[in-house]
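Any value given below was found using the heavy atoms of this structure, including those in side chains, with hydrogens, waters and symmetry copies removed. Every chain is numbered from 1, with letters handed out A, B, ... down the list of sequences.
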Amino acid sequence: MPAHWLLKSEPDVFGYPDLVRVGTEPWNGVRNYLARNHLRAMKVGDRALFYHSNAHPTGIAGVAKIVRAAYADDLQFDPESAYHDPKSSPADPRWSMVDVSPLLAFPEVLTLAQVRELPAWEGSPLTQKGTRLSVFPVTPLQFRAALKAAGVELPKK
DNA sequence: GCCAACGTTGGC
DNA sequence: GCCAACGTTGGC
């Protein structure tokens with residue numbers, strides 16, 4: 001039974017169309033422990049709602065799938081990177097990433113305002129004021145409600 | 001651009 | 001270990 005997640009990204013930096021273009025993308029740069037722990041809990045085959053933050057409009061742009069489970073985020077060892085972490089070591093990497101690929105693009109972004117209207121999403125980190133968590137689990141009910149509101153279905157197998 | 005809310009840092 | 005200061009996130 002695949003689990004469901006939500007991944008936030010700023011489309012000015014990397015949006016769902018970019019994921020479609022590249023095919024597979026390492027989800028690097030997560031530097032928050034709770035978000036990292038969620039990444040580490042992901043399994044190949046899990047689905048993730050791809051959310052556009054700081055965007056016009058903000059909302060869910062599509063569904064991605066996890067194609068590689070958590071491994072060391074290489075940017076933490078790159079002194080040139082903004083995500084460099086001098087306190088991390090290759091022997092004991094502090095930060096992880098997964099690989100994701102596109103699964104299903106929404107015909108239109110399901111806006112945050114629309115998500116707020118879905119009862120299943122009450123209490124989610126997405127709709128709670130002030131929560132900035134960028135990776136978190138989504139319940140099957142929330143996942144189904146989002147797809148229904150977007151007017152799409154995942155192909156059966 | 002504003003600003004509320006949050007996580008992290010660092011002085012003590 | 002406390003907590004103020006700071007930097008960042010992210011909606012609007």
Side-chain angles (χ1 to χ4, degrees), chain A residues 3-22 25-42 46-66 70-100 102-139 141-152:
Chain A
H4 303 95
W5 308 91
L6 186 142
L7 296 168
K8 284 186 192 171
S9 185
E10 300 192 19
D12 288 351
V13 180
F14 190 86
Y16 195 83
D18 297 306
L19 183 62
V20 172
R21 180 169 47 78
V22 300
E25 177 75 3
W27 206 262
N28 54 26
V30 171
R31 294 295 179 271
N32 169 285
Y33 285 104
L34 184 51
R36 180 205 68 180
N37 292 345
H38 290 320
L39 287 176
R40 289 182 176 178
M42 291 179 181
D46 285 359
R47 280 77 182 269
L49 298 172
F50 194 114
Y51 180 82
H52 286 174
S53 61
N54 272 318
H56 303 284
T58 60
I60 301 167
V63 184
K65 61 186 173 189
I66 309 305
Y71 60 111
D73 180 339
D74 47 2
L75 296 183
Q76 68 194 306
F77 306 124
D78 178 2
E80 303 296 314
S81 170
Y83 297 108
H84 180 231
D85 185 347
K87 288 185 250 181
S88 185
S89 73
D92 185 20
R94 178 176 295 187
W95 304 110
S96 301
M97 61 185 180
V98 298
D99 286 355
V100 301
L103 185 60
L104 177 68
F106 285 3
E108 292 177 24
V109 170
L110 183 69
T111 66
L112 179 58
Q114 290 175 291
V115 174
R116 287 190 198 283
E117 290 173 6
L118 303 175
W121 281 80
E122 191 180 347
S124 163
L126 188 68
T127 52
Q128 269 173 358
K129 180 176 164 64
T131 305
R132 299 171 308 171
L133 190 59
S134 64
V135 182
F136 54 86
V138 162
T139 68
L141 195 62
Q142 289 168 343
F143 188 80
R144 282 198 300 272
L147 264 61
K148 187 179 176 191
V152 295

Measure the distance from CZ on Phe136(A) to P on dC6(B) and round it to the nearest whole Å. 15 Å
Rounding to a whole Å, what distance do you find between His56(A):NE2 and dG10(C):P? 15 Å
Let me spell it out: for each of Gly130(A) and Asn54(A), pick the nucleotide of DNA chain B with the closest heavy atom. Which residue's pick is nearer the 5' end? Asn54(A)
Between atom CG in Leu7(A) and atom P in dG10(C), what is the gap in whole Å? 12 Å
Of Arg40(A), Arg94(A), Arg31(A), which meets salt bridge (Lys or Arg N to Asp or Glu O under 4.0 Å) against Asp73(A)? Arg31(A)
Does Trp95(A) have its ring centroid less than 6.0 Å away from the ring centroid of Tyr33(A)? yes
Compute the angle between the rotation axes at the two ends of the helix from dG1(B)-dC12(C) to dC12(B)-dG1(C), each taken over five pairs, rounded to 10 degrees. 10°
Shortest side-chain distance from Lys87(A), nucleotide among dG7(B), dT9(B), dG11(C): dT9(B)
Nearest-neighbour nucleotide for the Lys8(A) side chain, dG7(B), dG10(C), dC12(C) considered: dG10(C)
Does anything in residues 46-53 of chain A reach DNA chain C, meaning a heavy atom under 4.0 Å, and if so which residues? Tyr51(A), Ser53(A)
Would you call Tyr51(A) and Tyr16(A) a side-chain contact if the rule is heavy atoms closer than 4.5 Å? no
Side-chain heavy-atom pair Val22(A), Phe14(A) within 4.5 angstrom cut-off: yes
Interatomic distance, Leu34(A) CG vs dG7(B) P [rounded to whole Å]: 8 Å
Which whole-number value in Å describes the distance from Asn32(A) CG to dA5(B) C1'? 14 Å
Report the nucleotide, chosen from dG7(C), dA4(B), dG11(C), that has the shortest atom-to-atom distance to any side-chain atom of Arg132(A). dG7(C)
Atom CZ of Arg94(A) and atom C1' of dG7(B) are separated, to the nearest Å, by 14 Å
State which residue, out of Ser89(A), Ser96(A), Ser88(A), fulfils the side chain to side chain donor-acceptor pair (under 3.5 Å) condition with Gln76(A). Ser88(A)
Just the rounded figure in Å: distance from P of dC12(C) to NZ of Lys129(A). 9 Å
For Arg116(A), answer base if it contacts any base atom (sugar-phosphate contacts may also be present), sugar-phosphate if it contacts only those atoms, and nothing otherwise; contact means non-hydrogen atoms under 4.0 Å. sugar-phosphate
To the nearest 0.5 Å, how far apart are CG in Leu19(A) and OG in Ser9(A)? 9.5 Å
Heavy-atom side-chain contact between Arg132(A) and Asn32(A) under 4.5 Å: no
Could you tell me if Asp78(A) and Tyr83(A) have a donor-acceptor pair between their side chains, going purely by distance under 3.5 Å? no
Which heavy atom of Pro26(A) sits nearest a heavy atom of Asp99(A), and at what distance? CA-OD1, 3.3 Å
note: Glu10(A), atom CD; dT9(C), atom P; distance rounded to Å ~ 7 Å
